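Inspection log for the structure reproduced underneath, given as structure tokens.
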Amino acid sequence: MRILEITFVPPDKMSGGGLGIYQSIKSLLSVGDVDYIGPKFDTTLFESSDKLNSLCILQAKKRSISRMIFKNISTSFYDDWENFVDKINWNNYDFVHIESSRYYFVVKTILKHNIPIIMRMHNIESDYGYNIYCKNKSLSNYIRYYSYHTNEKKVIRKVNSIIFLTINDIKRARKLYKVKENQIYLNPVCININKNCCREEKEFHNEKFLKFLMTGTLNYGPNVDGVIWFLDNVWTKNYNNDKFTLTIAGAHPNDKLKEIIANNANVTLIDTPDDMTEYFLNADCYIAPIFDGAGMKVKVAEALSYGLPVIGTTHAFIGYEEIEKGKYLANSADEFTENINKITTASIERNVIYNEFYSKLSMNRSIEFYNKLSREIISKKL
């Protein structure tokens, strides 16, 4: 079986979006050979690299405002796509797998060749664009929202199968677009971490000081807002002392966040680390004060996969309804404080948290899902 993967976000193991693409490609490689069209990435991410062929590496160009206004095309990779698309031998592929609902121009091209299209919907792009517009009601943000909504509506109508990450996104897509039931599939964020990464039972009250962790892309609005809210309303009021430390690790922190963190003696900023492993290994508890955003929060999956207890909001736990161990729900400053205090006197069985995560949201689940879905697609073609 041969599959064409089209993405405008590269796979990686650092960002939420990149991890999602990594999951897709790793799962697709278990199905067959994969040709890749998308931005440059580290090919050593995949053990089956002999089955993964970089058909075209796209380079970003300056985003065209006129193109977004008149053609509803929002990606900076469009020029390279347009230059390469006529060279694709579409007859080589059993199906095409795309990673977003933003790009109808891609779907429109595929439809000419009568090939099944599977679309992985990482979030409801229309809602994502609208939230950006609501925070900054500029003309450019409205154009972006309109482009996302228009593209998403057309894409959903035309693709054969839609893979959602969460039940919430399925409900929302049904309401917005009247998605057909035979299009809908659910495959949440699934990741694999070496079991040796998980430490044994942890008795926090015997520790000299407790180490808390927050991660994420630190120039992304909901992440930044959550960090600042937590520091202002929880940390500085209750935990700004030598019994606790907080590490905030993530890509591209903005200047405002750097300044706020610098004013907290027991808070450390790790600016754009190459690898997050050591920070998850050294932490005792993960904090996820996310009140807004889109899709499933991959950072929560990472924390649980290391056996870390997670204190997070209802929004942070969207998509993790199956998980029972290690989740501590907090939607207010008082609830975060209550749960932190609860954890400081607890004995946390980290292997129990890890084992449940592995049994329910490991990469094996995603691989099994894609194998089943691909068989369905091929049987329908026959």
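On a predicted model such as this, the values are computed, not experimentally measured, just so you know.
With contacts defined as side-chain heavy-atom distances shorter than 4.5 Å, the pair I21/H122 qualifies. A 4.5 Å side-chain heavy-atom check between F95 and S374 finds at least one atom pair inside the cut-off. In this structure the side chain of N187 reaches within 4.5 angstrom of the side chain of Q23, judged on heavy atoms.
The residue from N254, T217, I260 that alone fulfils the side-chain contact (heavy atoms from CB on, under 4.5 Å) condition with V224 is N254. The residue from Y22, Y36, F8 that alone fulfils the ring-ring contact (aromatic ring centres under 6.0 Å, His included) condition with F41 is Y36.
There is no side-chain donor-acceptor pair under 3.5 Å between Y239 and N264.
Ring-plane geometry between Y370 and H97 is classed as tilted, the angle between the planes lying from 30 to 60 degrees on a 0 to 90 degree scale.
Under the 3.5 Å distance criterion, the side-chain polar atoms of Y133 are left unmatched by any main-chain donor or acceptor of Y146.
With salt bridges taken as basic N to acidic carboxylate O contacts below 4.0 Å, none links R2 and D94. Ionic pairing of R365 and E322 is present here: one or more N-O contacts between side-chain nitrogen and carboxylate oxygen are shorter than 4.0 angstrom. Ion pairing between D271 and K258 holds under the 4.0 Å rule for side-chain N and carboxylate O.
K327 forms a cation-pi arrangement with F317, by the criterion of a distance under 6.0 Å to the ring centre and an angle within 45° of the ring axis.
Taking every heavy atom of both residues into account, Y93 and I115 meet most closely at O-CG2, 4.1 Å. In plain terms, the two heavy atoms of L29 and K51 that are nearest each other are O-NZ, 2.6 Å.
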